[in-house]
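Below is one structure; the comments refer to it alone.
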Amino acid sequence: MKITKQARRDAKQLFNTCKVGGLLDEARVRQVVGVVVAQKPRGYAGILTHFQRLVKLDLDRRMARVESAVPASEALQQSVKASLAQRYGAGLAVSFVVNPALIGGLRVKVGSDVFDGSVRARLNELEASF
Amino acid sequence: MSNLLQEIEAQISGVKTLVNKQNVGIVRECADGVAKIEGLTDAMLNEMLDFGNGITGLALNLEETEVGAIILGDYLGVHEGQEVKTTGKLLSVPVGKGLLGRVVNMLGQPIDGKGPIKEDAFYPVEKIAPGIIKRKSVSQPVQTGIMAIDAMIPIGRGQRELIIGDRGTGKTTIGVDTMINQARMNKVGRASGDKNFRPVYNIYVAIGQKQSNVARVIAELEKAGAMGDTIVVAASASDSAANQYMAPFSGAAMGEWFMDNGMDALIIYDDLSKQAVAYRQVSLVLKRPSGREAYPGDVFYLHSRLLERSARVSEKYGNGSLTALPIVETQAGDVSAYIPTNVISITDGQIYLETDLFYQGVRPAVSVGLSVSRVGSAAQIKAMKQVAGRIKGDLAQFRELAAFAQFGSDLDAKTQGILERGKRVVEVFKQPQFNPIPVELQAAVLWAVQNNFFDDVAVEKIKVCQDMMTDFLNTRKADLLTKIRTEKAISEALAAELKAAITEFKQTYR
């Protein structure tokens, strides 16, 4: 489906109104979608598609994924959450995943930033250096 | 002992492993050598991206939600969902004397199967051209070995001279001839042991050409022994558009190394119209707005920033130079098309090759009226200036009168004289391909023409007479030629000697 420039602009505007103090407000997002669906303005399907994409990208940006080889202890989880909040500010959704392929260490991905302290990454680096 | 172990343990616990931060993105779509990548929030313009498996990309479009990148190398290995990393580096190619005699691709990797290349340094592919302070005006010649060009449209070191013409009019041949002549002069110069001799290194960039054509040029260079002083950068028609668009820039980077290190280099871009087409393709796939003939708005900047990198650098900054001979192909002789006018306005002159002349047998088919060199005459050696000063005007007059003379036969003596001289000059300028003529011989032959030694030779016999004279001078009067070459001027004494020599030859010719 072709999304017109006007639809993109409208979606962006709606997206900006959903922000409270720089963070996306869930209630407002739901409200906006409800209003658009009810009023059906010109090109509303395009507006909603682009709006969804913007919301998705924003959620991705504020999503932190912490991988570890063994389940992370409660204390570790708290310290990781605290240091991430210090670096990226509040409103971060942190999820913890177990990935035995890492062998050891942590791999943290926040938005498009990756902090890889895993044994696997260092082994790969070693391999590449040969 | 236990103390020691505890100490080591304490040391180990104190050591922290460094975690490096990386910026990654996910390939959302990939087609025609261009990938759209989501994420990569820290990517910079023109930054090199790592696609893994040794495939690199170049971030060309930074948009609100995604990054548009061209893929250098085999883009079939890139697929949707793949992770891409930023590298924080600009695209660089190996440069140095180790590349001489080699055939490389756009990334500077060897494709001639002669093993790895030992480079002196790495240079960024995109570099800002030397500024006004660093430059110096053109003052030394580049001898192409083509008489018509060296006499009428002289090229200087650091100049940018466009070679333009229809398909099949001998554009590449002029480039190859020039490279062969540089290699020959380098050989003579090195053998003479002259400390002030400055060799010229060649770089031949083949863009969007058939592999067979590139192979032919390389074979021709090897046959003439010119490959040792030449780097060939090949982005053939089967390479991706991204590679074809970047190839001239890597060639320029290799040339800049010679310039920065106080040497002289000559670069031939064969040809820039194909590069513009490749750039148009990349731009359209990247969804950049298109302009005239669907070329993007910055196609002028594409060529101007490339050609601006050719320069003559002043003594304070190493005294090097990079001469550029870009080639542009016209369609049906139309020099007022988009790309030709752009490149004509950027360069310091052009050599226009005409189809009509080519089929009349005037080869090289240089059109005297439309060809010009804006700065090269300052670089011409004095001997050439002495003998060739009036030729361009004479020939232009001849062309004008030749068309007029077809209608009537009763012409006055002066017109007759101009016509006869013109016909002879045109004959003298005919030259077979891959056979450059040394400048001293050119000066001697032109001196003979100017001093009426060819007037009594029939026009159809001129070429034979010229060849015999060349042989005579080469075998019997080699010291005279050497004197012209070293003195670089025809003094009165030399003129007398030349006159005696040619009179002697004329007696044997009869």
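Lettering of chains follows the sequences in order, A, B, ..., and the numbering in each one begins at 1. As the structure is a prediction and not an experimental result, all values here were calculated from the model.
- In this structure, the portion of A/D116 lying under 4.5 Å from any heavy atom of chain B is its backbone and not its side chain.
- Using a 4.0 Å cut-off between charged side-chain N and carboxylate O, A/R87 and A/D113 make no salt bridge.
- Residue B/E293 qualifies as enclosed at atom CD: its count of foreign heavy atoms under 6.0 Å is above 12.
- Neither the backbone nor the side chain of A/R61 comes within less than 4.5 Å of any heavy atom in chain B.
- In this structure, chain B has a heavy atom under 4.5 Å from the side chain of A/R107, while its backbone stays farther away.
- Here the CD1-CZ distance, from A/I3 to A/F51, works out to 13.5 Å after rounding to the nearest 0.5 Å.
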Exercise. Stepwise, does the salt bridge (charged side-chain N to carboxylate O under 4.0 Å, His left out) test hold for B/E38 with A/K56?
Worked result: CA-CA 12 Å; B/E38 217 171 74; A/K56 183 187 156 288; 3.6 Å; yes
